[in-house]
Amino acid sequence: MSDKTTKGRGSWGSRIGFMLAASGSAIGLGNLWKFPYITYKFGAGAFVLVYLFCIALVGLPIMIAETMIGRRAGLNPVGAFKKLAPSKLWVAVGGLGVVCGFVLLSYYSVVAGWAIEYTVKSVRHDFSNHEKITDKEIGAHLFSEYTKTPKSKFDPIRAGYGNELATISFYDLKDDKKKKAFRAGLAKAWAAFEKGKPEAFAKLKTNTIGSLLDAFQRGDGYAERKLRMQRTLWVASLFGQFVKNPAKVIGWHLLFMTLTMLIVVGGVSAGIERASKILMPTLFVMLIYLVIRALGFQSAGESLAMVFRPNFHALTGEAVLEALGHSFFTLSLGMGAMLTYGSYLSKDASLTRASLVITALDTLIALMATIIIFCAIHAFKMPVSDGGVSNLFRAIPAMFQETPGGNWLTLMFYLLVAFAALTSTISLLEVVVSYFIDERGWSRKKATLLMGTAIAVLGIPSALSLNAWSNFKPLFGKTVFDFFDYTVSNWFLPLGGLFVALFVGWVLPEKDKRDELEGLNKLAFSAWHFAIRFVAPTAVGGVFVWLIYKSIVD
Ligand code: PHE
């Protein structure tokens with residue numbers, strides 16, 4: 001590994017350095033925020049099962065293959081393919097990876113910024129101000145829940161109206177423009193669905209709210225239930241207020257990009273290695289504590305059943321694609337991050353052992369986060385008006401408000417979330433930067449500064465997707481944020497992974513593979529080789545072909 005091209009690129013300070021950095025890259029918002037959120041969105045159960053299959057049969061073998069390419073070549077994704085197989089196709093695969101890293105980082109950093117906002121909120125003890133929620137707001141919420149239950153036989157538009165009402169009562173009352181838009185929308189819904197009987201509906205609504213509130217106040221343990229309800233609604237309103245504020249969301253995103261650049265400019269640094277050693281285990285201990293608390297809720301049994309009991313009816317093609325895409329996202333595969341980190345790895349480290357440990361840790365943490373969030377959301381009966389995007393940012397503060405010293409724990413938790421995100425954003429920027437250093441001869445400083453800035457700017461439309469531009473859905477009916485995440489995570493990462501599998505499975509000489517996996521027994525090598533040649537390409541290719549076929553037929 002010491003020919004001219006790879007000299008002086010730096011390497012990990014220790015063998016554990018690679019392990020920590022690669023785990024740091026894998027473990028991030030994907031585990032703590034995205035996995036629980038999409039599991040929620042796709043109805044849990046069977047989704048989790050499909051995801052676990054994807055991780056074991058596709059993700060793990062590809063992680064070994066990707067780090068193998070990196071270490072063999074000792075270069076960035078484009079350089080690595082140029083060196084190992086100088087054909088245009090493979091070099092383009094490397095190029096696609098660099099572009100994916102660029103786009104992925106742009107929106108990832110936006111959500112990472114949310115963790116900073118929540119760290120600040122914790123310092124200011126914002127989460128304890130739940131008394132601000134009035135009875136009127138509780139009534140509005142009860143109404144919205146009521147309209148969502150099938151028993152009440154409301155149609156979806158009315159359910160949506162109830163939901164809007166609950167939301168608007170605490171987010172938007174001061175915002176005239178939104179109020180107007182809301183009224184206009186409401187008027188339309190009324191016209192369409194009430195056919196000239198708005199008074200009847202309004203009267204019904206007032207009466208319903210009145211009786212719901214009455215029932216709520218008269219039931220057992222009112223004080224306790226009211227407190228929980230206030231906390232629930234309060235954390236929900238905090239999230240809504242925050243993401244609706246473009247300046248704040250953009251500000252934290254830019255700060256996050258700056259932090260990422262500051263670390264990447266220092267090179268494959270001992271700083272990150274050292275920090276990861278303390279912070280990753282702390283995060284783990286914290287999650288264990290939260291799992292124990294979450295399992296203490298009365299409804300925990302039901303919540304767990306929801307997460308783990310397979311319900312194959314809910315399993316659509318989209319859900320399978322999401323599970324597959326997420327297995328690449330969460331393991332940082334398919335766009336050259338693991339390839340790049342592998343390129344700084346010494347020959348004596350075991351690729352299989354490292355990949356196994358990283359994959360296992362990553363999966364464990366994703367499952368822990370999901371258990372915590374499902375149990376909390378369930379126990380607090382949290383309203384989910386954003387399809388689950390805010391779950392991580394509501395479940396945790398609400399839960400910690402019921403714990404002594406909760407404000408401190410919340411602070412620590414979001415700091416750790418921010419750190420977990422930072423170790424991921426670093427790996428993303430490193431892919432782009434290493435390309436410009438190796439292939440274009442730029443200095444690390446120039447590459448980091450120019451590319452970091454460009455990515456930060458590209459992130460701004462994503463930062464606006466939940467507020468100013470929330471109705472701007474230029475592509476396939478998705479906001480910019482959703483469109484980026486959907487195309488990169490669900491299509492391009494699996495596509496990149498597919499090519500990595502094909503390359504290592506069918507192009508890289510067998511002798512090289514055996515050399516890289518020296519020390520692995522024959523059976524394990526054959527199992528991996530079979531997975532990378534047949535299982536992974538069939539799985540990814542199969543899902544792609546099936547979805548494309550379905551979209552043509554439908
Ligand atoms: N794996 C990271 C996470 O789960 C995200 C990521 C994807 C990082 C791709 C690097 C490359 O949060």
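Atoms within each ligand, like the ligands themselves, are counted from 1 in listed order. What you see below is based on every heavy atom in this structure, not just the backbone, and it leaves out hydrogens, waters and symmetry mates.
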- If you measure every N/O of Leu104 against every N/O of ligand 1, is any gap under 3.5 Å? no
Sequence neighbours left out, cut at 3.5 Å: what donor-acceptor pairs do the side chains of residues 488-498 make with other protein atoms?
residue, atom, partner, partner atom, Å
Ser489, OG, Lys34, NZ, 3.2
Ser489, OG, Tyr107, OH, 3.4
Ser489, OG, Asp485, O, 2.8
Ser489, OG, Asp485, OD1, 2.7
Asn490, ND2, Glu322, OE1, 3.0
Trp491, NE1, Tyr486, OH, 3.3

- Note on the structure: Closest non-hydrogen atoms of Ile27 and Ser424, given as atom of the first, atom of the second and distance, are O-OG, 3.4 Å
- Query: Would the Tyr435 and Trp442 ring centres measure less than 6.0 Å apart?
  - Reply: no
- Message: Before we go on, tell me: are the rings of Phe393 and Phe242 under 6.0 Å apart, centre to centre?
- Response: no
- Task: Assess the pair Phe239 and Trp114: is the distance between their ring centroids shorter than 6.0 Å?
- Result: yes
- Ser25, any N or O under 3.5 Å of ligand 1 N or O: yes
- Task: List the steps and the verdict of ring pair (Phe, Tyr, Trp, His ring centres under 6.0 Å) for Phe18 and Tyr344.
- Result: CA-CA 8 Å; Phe18 165 75; Tyr344 305 119; 9.7 Å; no
- Residue Met335 vicinity, atoms of ligand 1 by number, heavy atom under 4.0 Å: 9 (C), 11 (C)
- Task: Give the residue and atom name of whichever protein heavy atom lies nearest to atom 4 (O) of ligand 1, and the separation in Å to one decimal.
- Result: Ala26 O, 2.9 Å
- Query: Any idea which atoms of ligand 1 are less than 4.0 Å away from a heavy-atom of Leu428?
  - Reply: 8 (C), 9 (C), 10 (C), 11 (C)
- Task: Would you mind finding which of Phe328, Tyr341, Tyr108 brings a heavy atom closest to atom 12 (O) of ligand 1?
- Result: Tyr108
- Short N or O distance, Leu29 and ligand 1, threshold 3.5 Å exclusive: yes
- Note on the structure: Atoms of ligand 1 under 4.0 Å from any heavy atom of Asn31, numbered from 1 in the order shown, are 4 (O)
Quick one: side chains of residues 255-267, donor-acceptor pairs under 3.5 Å with protein atoms, not counting sequence neighbours, listed by atom name and distance.
residue, atom, partner, partner atom, Å
Thr258, OG1, Leu254, O, 2.7
Thr260, OG1, Phe256, O, 2.8
Thr260, OG1, Thr425, OG1, 3.1

- Identity and separation of the nearest protein heavy atom to atom 8 (C) of ligand 1: Ser332 OG, 3.3 Å
- Query: So which heavy atom on Leu466 is nearest to which on Lys244, and how close?
  - Reply: O-NZ, 3.7 Å
- Purely on distance, is any nitrogen or oxygen of Ala337 under 3.5 Å from one on ligand 1? no
- Note on the structure: Quick look: Lys34 vs ligand 1, heavy-atom contacts under 4.0 Å, and the answer is neither
- Task: Tell me, please: is Trp33 in heavy-atom contact with ligand 1, that is, under 4.0 Å?
- Result: no
- Message: Can you see whether Ser332 engages Ser25 through a side-chain donor-acceptor pair at a distance of less than 3.5 angstrom?
- Response: yes
- Message: Any nitrogen or oxygen of Ser427, side chain or backbone, less than 3.5 Å from one on ligand 1?
- Response: no
- For atom 7 (C) of ligand 1, what is the nearest protein heavy atom, given as residue, atom name and distance? Phe329 O, 3.3 Å
